[in-house]
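Notes follow the structure.
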Amino acid sequence: MPTSQNSTSRGADSENPGPLVGAGWLAERLAAPGLVLFDASVGAHRGAAHRIPGARPFDLDGELSDHDAPAPHTMPGAARFAEAMRALGVDDTSTVVVYDGAGVYSSARAWWMLRAMGFDRAAVLDGGLPAWTAAGLPVEATGPAYEGPRGSFTARPRTGLLVDGATVAAALADPAAAVLDARTRERFAGTAPEPRPGLRGGHMPGAINLPFAELQRPDGLMRPAEELRAAIDALTGDRERLYFSCGSGVTACVLALGATLAGYRDLAVYDGSWSEWGIPSDQRPVVTG
């Protein structure tokens, strides 16, 4: 069975667990006061029949994305995000753990959104629901929406963690920065079609391909910090300012998680990602191969 490389957590203490926690760490604290557990699953895993006991929905395909924006998973405004967190019972002093049904996929997006709103007391469950069930830990039938007490969450937006296309375009021309694309090698090269209709195939000139799954072990757990650092260093050299893109701003956050675990600190996610850049336009060039 998969076990996290750190049976407690990577990076901090039990109140502020750091970016990543293992199934054992969570199992020991599942009923702890102040712990909020989110299921941030998307797509086919959204609304699955079973969940980790007590999980609340962090609905990236629903209210926790701005559906008035052209890209599908655009970050909502600070006031709307704060209201959603309060409605889900999150306090400023809560410890938040996020998981998803695919492993480490959309959970990283929820973690990065919380960071972008100034909340650091959050972690991703390493390996997600598959690692939890592989460890023989319990699940329960997915129940109704959260109906518990409201929280006191305060949004304190941080500039620069989620950026727009103009910022990424400038980064592509900056020798001190690197733009990494988390999509598959086939989509990056333009040899596989984009899953969203109307988008061009290929990639931004100067972008570097790092498929998000390459930061994970075969069992779905994140690779050790030294391996993550080596994988990123091999592509970026001495550049420490890193920008991440993907299809819609979701798996770019897996790269941001991996880079954080590897010790990088100057990081940003392109919120619109290829759902924005790939729209036919003379302003945003695309290359293939």
- line: Taken in chain and number order and not counting sequence neighbours, the residues that satisfy side chain to side chain donor-acceptor pair (under 3.5 Å) with S107 are D100
query: Between the main-chain N or O of T95 and the side-chain N or O of R121, is there a donor-acceptor pair closer than 3.5 Å?
result: no
- request: Check whether V168 and W112 end up in the same hydrophobic cluster, where Ile, Leu, Val, Met, Phe, Trp and Tyr are linked by side-chain heavy atoms less than 4.5 Å apart.
  value: no
- prompt: What residues form a salt bridge (charged side-chain N to carboxylate O under 4.0 Å, His left out) with R187, not counting sequence neighbours?
  reply: E194
- request: Run the numbers on D271 and R109 for salt bridge (charged side-chain N to carboxylate O under 4.0 Å, His left out), then give the verdict.
  value: CA-CA 10 Å; D271 203 20; R109 171 70 182 185; 2.6 Å; yes
Pairing of R46 and D59 as salt bridge, 4.0 angstrom limit: yes
- line: Between the CG atom in L242 and the OG1 atom in T260, the distance rounded to the nearest 0.5 Å is 9.5 Å
task: Determine whether M204 and Y243 make a side-chain contact, defined as any pair of heavy atoms from C-beta on separated by less than 4.5 Å.
output: no
message: With side-chain contact (heavy atoms from CB on, under 4.5 Å) as the criterion, how do I232 and E227 come out once you've worked through the C-alpha distance, each side chain's angles and the decisive distance to 0.1 Å?
response: CA-CA 9 Å; I232 296 170; E227 292 184 14; over 6 Å; no
task: Might you point out which heavy atoms bring C253 and W111 nearest each other, and give the distance in Å?
output: O-CZ3, 4.3 Å
message: Looking at A40, is its backbone amide N or carbonyl O close enough to the side chain of S106 to form a donor-acceptor pair, meaning the two atoms are under 3.5 Å apart?
response: yes
- prompt: Picking from L20, V36, I52, L37, what satisfies side-chain contact (heavy atoms from CB on, under 4.5 Å) with V97?
  reply: L37
message: Can you confirm whether Q216 sits close enough to V104 that some side-chain heavy atom of one is under 4.5 Å from a side-chain heavy atom of the other?
response: yes
query: Do NZ/NE/NH1/NH2 and the carboxylate oxygens of E240 and R229 come within less than 4.0 Å?
result: yes
query: What is the ring orientation for F119 with F153, classed by angle as parallel under 30°, tilted 30 to 60°, or perpendicular over 60°?
result: tilted
- request: Measure the OG1-CG distance between T236 and L210 for me, rounded to the nearest 0.5 Å.
  value: 9.5 Å
message: So does V42 get a backbone contact from the side chain of D61, meaning a donor-acceptor N/O pair under 3.5 Å?
response: no
- line: The reported gap from CG in L162 to OG1 in T167 (rounded to nearest 0.5 angstrom) is 11.0 Å
field: Worked check of side-chain contact (heavy atoms from CB on, under 4.5 Å) between L267 and L161
entry: CA-CA 7 Å; L267 311 174; L161 270 70; over 6 Å; no
message: Nearest 0.5 angstrom please: L60 CG to M75 CE, how far?
response: 10.0 Å
query: Without hydrogens or angle criteria, can the side chains of D91 and S152 be said to hold a donor-acceptor pair below 3.5 Å?
result: yes
- prompt: Would the number of heavy atoms belonging to other residues, nucleotides or ligands and lying under 6.0 Å from OH of Y105 be above 12?
  reply: no
- request: Using a 4.5 Å cut-off on heavy atoms from C-beta on, say whether the side chain of Y264 contacts that of D233.
  value: yes
query: Centres of the Y99 and F38 rings: under 6.0 Å?
result: no
query: Do we see a donor-acceptor contact under 3.5 Å between the side chains of S248 and R196?
result: yes
- prompt: Is there a donor-acceptor pair under 3.5 Å between the side chain of S273 and the backbone N or O of S275?
  reply: no
message: For E63, is there any backbone N or O sitting under 3.5 Å from a side-chain donor or acceptor partner on R80?
response: yes
query: So if you build clusters from Ile, Leu, Val, Met, Phe, Trp, Tyr with side-chain heavy-atom gaps below 4.5 Å, do V286 and F244 land together?
result: no
query: Closest approach of Y146 and A87, non-hydrogen atoms and distance?
result: CD2-O, 3.3 Å
message: Under 4.0 Å between a side-chain nitrogen and a carboxylate oxygen: does that hold for R150 and E83?
response: yes
- request: Might you point out which heavy atoms bring T288 and G201 nearest each other, and give the distance in Å?
  value: CG2-O, 3.8 Å
task: Might you work through the side-chain contact (heavy atoms from CB on, under 4.5 Å) test for H203 and W277, ending with a clear yes or no?
output: CA-CA 9 Å; H203 59 272; W277 194 282; over 6 Å; no
query: For L215 and M222, what are the C-alpha separation, side-chain angles and deciding distance, and is it a side-chain contact (heavy atoms from CB on, under 4.5 Å)?
result: CA-CA 6 Å; L215 298 188; M222 295 296 290; 4.3 Å; yes
Residues S245, D181; criterion side chain to side chain donor-acceptor pair (under 3.5 Å); working and verdict: CA-CA 5 Å; S245 182; D181 189 323; 4.9 Å; no
query: Under 4.5 Å between any side-chain heavy atoms of W132 and P138, yes or no?
result: yes
- prompt: Between L35 and S94, is any pair of side-chain heavy atoms under 4.5 Å apart?
  reply: no
- request: Could you walk me through whether R185 and E214 pass salt bridge (charged side-chain N to carboxylate O under 4.0 Å, His left out), step by step?
  value: CA-CA 11 Å; R185 298 199 181 281; E214 294 186 9; 2.8 Å; yes
query: Any side-chain heavy atom of L180 sitting closer than 4.5 Å to one from L235?
result: yes
field: Heavy-atom closest contact (L114 atom, A122 atom, distance)
entry: CD1-CB, 3.9 Å
- prompt: Are W274 and V250 connected, step by step, through hydrophobic side chains (Ile, Leu, Val, Met, Phe, Trp, Tyr) whose heavy atoms are closer than 4.5 Å?
  reply: no
query: Side chains of M85 and V96: does their closest heavy-atom pair fall under 4.5 Å?
result: no
field: Nearest heavy atoms of V179 and A171, plus distance in Å
entry: CG2-CB, 4.0 Å
message: Quick one, M113 and P76 - any side-chain contact, counting heavy atoms below 4.5 Å?
response: yes
Minimum-distance pair of heavy atoms, taken over all atoms of A123 and V21: CB-CG1, 3.8 Å
- request: Any chance you could measure I208, atom CD1, to L255, atom CG, to the nearest 0.5 Å?
  value: 11.0 Å
- line: Here the gap from T74 atom OG1 to D164 atom CG, rounded to the nearest 0.5 Å, amounts to 11.5 Å
query: Is R51 salt-bridged to D39, going by a charged N under 4.0 Å from an acidic O?
result: no
message: Checking side-chain polar atoms at under 3.5 Å, does S65 have a donor or acceptor matched by the opposite partner on H73?
response: no
field: N-O pairing of R156 and D120 below 4.0 Å
entry: no
- request: Establish whether L257 and V163 are linked, either directly or via other cluster members, by ILVMFWY side-chain heavy-atom contacts under 4.5 Å.
  value: no
